[in-house]
Protein chains: 2
Amino acid sequence: MKARVKAIYNQISDDLKNRIMQGKLSPGEMLPSQSQLAETYGVTQMTVRQGLGTLVEDGYIYSVWGKGYFVAEPTLETGIINLPGRNFFGQEFTPMMNEVDILRADQEIADKLAVIVGSKVIRTQLTLALGDNPVALDCRYISYRKGEPQLENELQYADFPQIVARHTNSVVVKSTFSIEAVHLNEIEASALETSPGALGLCVEQILYDVNGKPLGWSRMVCRSDRYKVSGVAQSYSGKV
Amino acid sequence: MKARVKAIYNQISDDLKNRIMQGKLSPGEMLPSQSQLAETYGVTQMTVRQGLGTLVEDGYIYSVWGKGYFVAEPTLETGIINLPGRNFFGQEFTPMMNEVDILRADQEIADKLAVIVGSKVIRTQLTLALGDNPVALDCRYISYRKGEPQLENELQYADFPQIVARHTNSVVVKSTFSIEAVHLNEIEASALETSPGALGLCVEQILYDVNGKPLGWSRMVCRSDRYKVSGVAQSYSGKV
DNA sequence: GAGTGGTCTAGACCACGAA
DNA sequence: TCGTGGTCTAGACCACTCC
């Protein structure tokens with residue numbers, strides 16, 4: 001066993017964290033002041049602040065100007081979800097077939113990408129499979145700005161935000177997504193080897209650049225008996 | 001107009017952030033060292049570190065021991081989603097009817113809550129509505145440990161994690177959730193004023209305490225034509 | 001005015017990576 | 001060995017809150 005040296009500020013934050021988790025410090029309760037903690041632990045104010053800082057980041061406590069630090073209420077109102085990114089292809093799913101073409105935007109595409117009807121748009125279509133079983137149909141639209149979509153083979157490996165970034169010369173910094181239940185239509189059903197009207201889950205995602213301009217739109221339709229969305233929510237962001 | 005004084009470390013982080021967003025600093029590129037930055041901005045290393053710290057927290061850069069700071073690759077693989085918490089009742093939806101009872105766990109409940117079959121379990125059932133239109137059926141199970149479920153009226157106002165915490169004397173620190181498409185059964189359909197077999201979205205959530213023990217299980221079934229799940233993903237956590 | 005959090009300095013020393 | 005990031009000190013001053 002090696003006596004691992006731990007930074008003092010980590011010892012302080014761990015100590016306070018434990019007291020919070022054990023209920024010795026209750027939500028809403030005020031912590032000792034920075035100067036008191038500094039004296040208690042025999043360190044300077046800056047070191048104490050560093051420890052308190054990590055607790056603030058992780059959501060255990062918060063500070064009020066001129067008053068003090070207080071123990072936060074644990075909440076679970078937001079969750080984190082894995083989106084169809086790079087790992088989606090690499091690890092879980094394998095793309096079975098893909099198609100890339102350029103088309104003119106119809107009304108729906110124009111709305112989603114905030115371009116005028118008739119604009120050039122790059123479309124990619126994939127079938128995602130788990131082993132030999134097709135699970136999802138994936139259709140993506142990128143507003144066409146520069147460069148040719150000569151990278152058919154690259155498309156299935158890189159993740160969508162990266163492809164969009166390359167084609168639009170913009171960085172994707174935000175995306176919105178929605179998840180809804182749908183009935184599969186004939187095309188989707190036959191591609192996913194099931195019957196029309198079967199239960200499906202549709203995950204839609206729109207990518208935006210820094211200025212809030214839509215750069216890409218993806219729509220994935222899954223067989224709901226083979227895939228469901230899952231995620232985690234934690235009241236404290238740090239490792240417990 | 002008031003000339004707002006901004007902290008030096010914020011000026012530094014803003015400056016670097018702009019250079020990253022404008023592409024003057026590319027992903028993978030190394031930043032000037034702490035001492036170089038200190039000299040450039042005419043401040044001490046500690047002040048520079050504070051500025052770099054916020055950029056690390058927000059995911060713009062990362063540091064490598066003994067080497068330097070590097071510009072991070074933007075990723076969008078995880079998203080944040082709003083879960084049925086307090087705001088779910090308070091703002092969007094109104095609970096129309098509720099029911100509270102105690103029952104013995106069947107196999108399914110026992111599995112979810114990690115208790116033995118036949119254990120006492122508290123069950124609450126709500127109908128959630130948007131205006132006059134019923135949108136979702138919500139059913140929640142709490143492993144019964146102490147205290148009586150005397151708080152029928154309180155149940156519809158507090159959020160689930162809080163109720164669970166009060167009944168189990170434990171803090172809810174984690175939850176997992178899943179979202180899947182379902183067909184509504186007769187009971188659900190009639191409660192939601194639609195026909196059996198209609199499209200539904202089912203959001204399931206399990207709450208855990210610090211030791212990973214399940215404390216509660218909730219299952220919400222929505223009319224998919226009146227509700228869909230949505231969320232946001234951002235590559236940088238700070239405000240841009 | 002006393003107590004609090006927030007910023008900043010000018011040093012010091014340690015741990016790590018690469019040459 | 002040198003340059004890098006990571007930790008820490010012993011002060012100082014400012015801004016805010018409450019009495």
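Each chain gets a letter, A, B and so on, in the order its sequence line appears, and its residues count up from 1.
R49(B) has its CZ atom 18 Å from the C1' atom of dG6(C), to the nearest Å. Computed from coordinates, the N10(B) CG to dC8(C) C1' distance equals 13 Å when rounded to whole Å. Atom-to-atom, CG of L37(A) to P of dG5(C) comes out at 8 Å; the value is rounded to the nearest Å. In this structure, OH of Y41(B) is placed 18 Å from P of dA10(C), rounded to the nearest angstrom. Atom CZ in F70(B) sits roughly 11 Å away from atom C1' in dG5(D) (whole-Å rounding). In this structure, K6(B) atom NZ and dC14(D) atom C1' are separated by 19 Å, rounded to whole Å. Summarising the geometry, the separation between CD1 on I8(A) and P on dA10(D) is reported as 11 Å, rounded to the nearest angstrom. Rounded to an integer number of Å, the gap from Q50(B) CD to dG5(C) P is 16 Å.
Nearer the 5' end of DNA chain D, as judged by each residue's closest nucleotide, is the contact made by M30(B), out of Q45(B) and M30(B). Between T44(A) and L52(B), the residue anchored nearer the 5' end of DNA chain D, judged by the nucleotide with its closest heavy atom, is L52(B).
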When you look at L137(A) and Q125(A), which way does the side chain to side chain contact (heavy atoms under 4.5 Å, CB included) test go after all the steps?
CA-CA 7 Å; L137(A) 265 182; Q125(A) 285 176 286; over 6 Å; no

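Of the candidate nucleotides dG5(D), dT4(D), dT7(D), dT7(D) has the atom lying nearest to any side-chain atom of A7(A). The M46(B) side chain lies nearest to dG11(C) when the options are dG11(C), dA12(D), dA10(D). For Q34(A), the listed nucleotide lying nearest its side chain is dG5(C); candidates were dT9(C), dT7(C), dG5(C). Considering only the side chain of Y69(A), dG5(C) comes nearest among dT7(C), dG5(C), dG5(D). Proximity note for S33(A) (side chain, C-beta onward) versus dG5(C), dG5(D), dT9(D): the nearest is dG5(C).
Contacts classified as side-chain hydrogen bond (donor to acceptor under 3.5 Å, both in side chains) and involving residues 211-220 of chain B (residues at least two apart or in different chains) are given here: E204(B)-W217(B).
Closest approach of V115(A) and S143(A) over heavy atoms only: CG1-CB, 4.3 Å. Taking all atoms of both residues into account, the shortest heavy-atom contact from S13(B) to T54(B) is CB-OG1, 3.4 Å. Scanning both residues, Y208(A) and G212(A), for their nearest heavy atoms gives CD2-O, 3.3 Å.
To the nearest 0.5 Å, the span separating OH on Y236(B) from CE on M21(B) amounts to 6.0 Å. Distance check, rounded to the nearest 0.5 Å: CD of Q234(B) to CG of D58(B) gives 10.5 Å.
For dT7(C), the OP1/OP2 oxygens have no side-chain nitrogen or oxygen of T47(B) closer than 4.0 Å. For dG6(D), one of the phosphate oxygens OP1 or OP2 lies less than 4.0 angstrom from a side-chain nitrogen or oxygen of S63(B).
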Between the protein and nucleotides 17-19 of chain D, list every N/O to N/O distance that falls short of 3.5 Å.
from	atom 1	to	atom 2	distance (Å)
dC18(D)	OP1	K67(A)	NZ	3.3

